[in-house]
Structure formats: C-alpha cells, structure tokens
Amino acid sequence: MSKFSEKVLGIVKSVPYGKVVSYGQVALMAGIPRAAIQVGWVLHTSGHLVPWWRVINNSGRISIKHPEHTTHMQKALLEKEGVKVTKDFRIDIDNYRYRPSISEIENLSLDPQYIENLSEKYNL
DNA sequence: ATAATGACATGTT
DNA sequence: TAACATGCCATTA
C-alpha cells in the first residue's frame with residue numbers, strides 16, 4: 001500500500017456525513033494535484049473501508065463507469081444522508097462540498113502552495 | 001524498462 | 001449542455 005493510497009483513504013474517511021468531495025480535491029489534498037484518476041483507483045480497490053460514495057467528480061455527477069448497480073447504489077447512499085441527487089445523477093456540489101478546516105489541512109502536512117491552490121479552487 | 005489501463009480534470013469545440 | 005482531446009500518475013502486465 002503506497003503512501004498515496006493511505007492519504008487518500010485518510011482524507012475520504014474525514015469527509016463528514018452529508019458532504020461530498022471531488023476526486024481532484026482529494027488528489028490535491030493528498031499532495032498530488034493531478035492524480036484524480038488514481039483516487040478513483042484507490043477507492044476501487046480499497047473503497048470498502050471508507051465512505052467512497054461521498055466522492056464524486058468535479059462537475060457534480062456520479063460518473064462511475066461500472067455498469068448498473070454501483071451508480072444507483074451511490075445515489076441511494078447519498079440520498080440517505082440528505083444529499084439531493086437528480087434522476088440523471090447531478091448533485092449541487094457547491095452546496096454540499098466538504099471544505100476542510102485549517103487544522104485538518106495542517107494535519108495533512110501539505111506544501112503551502114497546495115494549500116493556496118485549495119483555497120483558490122474551492123473557496124475555503 | 002516500456003506500454004496500457006483507469007470509479008478523473010480541464011480546456012476547447 | 002455534451003463530446004472530444006490532452007494531461008496525469010499509480011498500478012499492472
């Protein structure tokens with residue numbers, strides 16, 4: 001298990017009930033800004049340990065390629081937490097996005113430039 | 001070591 | 001809004 005995987009799992013675990021994050025945001029918080037797809041890989045392989053359904057893509061959609069069940073299951077899981085998901089799997093991500101606190105960001109021991117990126121991109 | 005694969009992001013049509 | 005192209009990097013073959 002790589003450090004990247006451990007960080008990703010830790011971050012996803014810290015996403016509170018009823019909130020969501022984007023793959024890109026998780027990647028950035030893990031210290032590798034453009035590794036969004038690797039976040040997906042980690043969740044795919046080790047996702048049973050963490051609230052993977054709170055991770056969606058940055059356009060506010062559930063874009064899991066896996067046919068059938070998983071997308072519907074994710075929709076159901078999110079709705080159970082009070083997150084509105086439309087029939088075509090759209091989510092108001094700005095409204096539901098998890099914005100980590102300063103202390104949580106410091107916990108990740110990120111480079112200062114990444115912290116700046118975070119606040120710029122996601123309006124922390 | 002190289003090449004292919006992916007639960008993605010971003011910018012351009 | 002959607003579709004396409006390119007960039008990215010951990011993992012696997």
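Please read these numbers as outputs of a predicted model, since none were measured by experiment. Order of the sequence lines sets the chain letters (A, B, ...), proteins ahead of strands, with each chain counted from 1.
With hydrogens and angles ignored, no donor-acceptor pair under 3.5 angstrom links the side chain of A:Tyr23 to the base of B:dA9.
For the residue pair A:Glu104 and A:Ser101, a side-chain donor N or O sits within less than 3.5 Å of a side-chain acceptor on the partner.
Checked by atom type and distance alone, the side chain of A:Arg99 pairs as donor or acceptor with a backbone atom of A:Tyr122 at under 3.5 Å. Side-chain atoms of A:Ser119 do not come within 3.5 Å of backbone N or O of A:Asn123 as any donor-acceptor pair. Within the 3.5 Å criterion, the main-chain N or O of A:Lys121 finds no donor-acceptor partner in the side chain of A:Gln25. At least one donor-acceptor pair under 3.5 Å links the side chain of A:Thr45 to the backbone N or O of A:Val42.
A:Thr45 comes within 4.0 angstrom of nothing in the nucleic acid, heavy atoms only.
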Legend entry - Test side-chain hydrogen bond (donor to acceptor under 3.5 Å, both in side chains) applied to A:Thr71 and A:Gln74, step by step: CA-CA 5 Å; A:Thr71 54; A:Gln74 181 166 13; over 6 Å; no
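Here C:dA2 is the nucleotide among B:dA7, B:dC8, C:dA2 with the atom lying nearest to any side-chain atom of A:Arg90. Of the candidates B:dC8, C:dT12, B:dA7, the closest approach to any side-chain atom of A:Trp41 belongs to C:dT12.
Residues forming a salt bridge (charged side-chain N to carboxylate O under 4.0 Å, His left out) with A:Lys7 (at least two apart in sequence, or on another chain): none.
Salt bridge present: A:Arg54 and A:Glu81 bring a charged side-chain N and a carboxylate O closer than 4.0 Å.
Residues of residues 113-124 of chain A having a heavy atom closer than 4.0 Å to DNA chain B, listed by number: A:Lys121. DNA chain C is contacted by A:Ile32, A:Arg34 of residues 25-35 of chain A, taking any non-hydrogen atom closer than 4.0 Å.
At whole-Å resolution of the value, CG in A:Leu49 and C1' in B:dA7 are 16 Å apart. If you take CD1 of A:Ile91 and P of B:dA7, they are 18 Å apart, rounded to a whole angstrom. Separating the NE2 atom of A:His44 from the C1' atom of B:dC8 is a distance of 14 Å, rounded to the nearest angstrom. At whole-Å resolution of the value, CZ in A:Phe89 and P in C:dT1 are 17 Å apart.
Between A:Asn58 and the phosphate of B:dT10, there is a side-chain N or O to OP1/OP2 separation shorter than 4.0 Å. In this structure, A:Ser2 reaches the C:dT11 phosphate: one of its side-chain N or O atoms is under 4.0 Å from OP1 or OP2.
With contacts defined as side-chain heavy-atom distances shorter than 4.5 Å, the pair A:Val20/A:Val55 does not qualify.
When each of A:Ile37 and A:Val42 is assigned the nucleotide of DNA chain C with its nearest heavy atom, A:Ile37 is the one assigned upstream, toward the 5' end.
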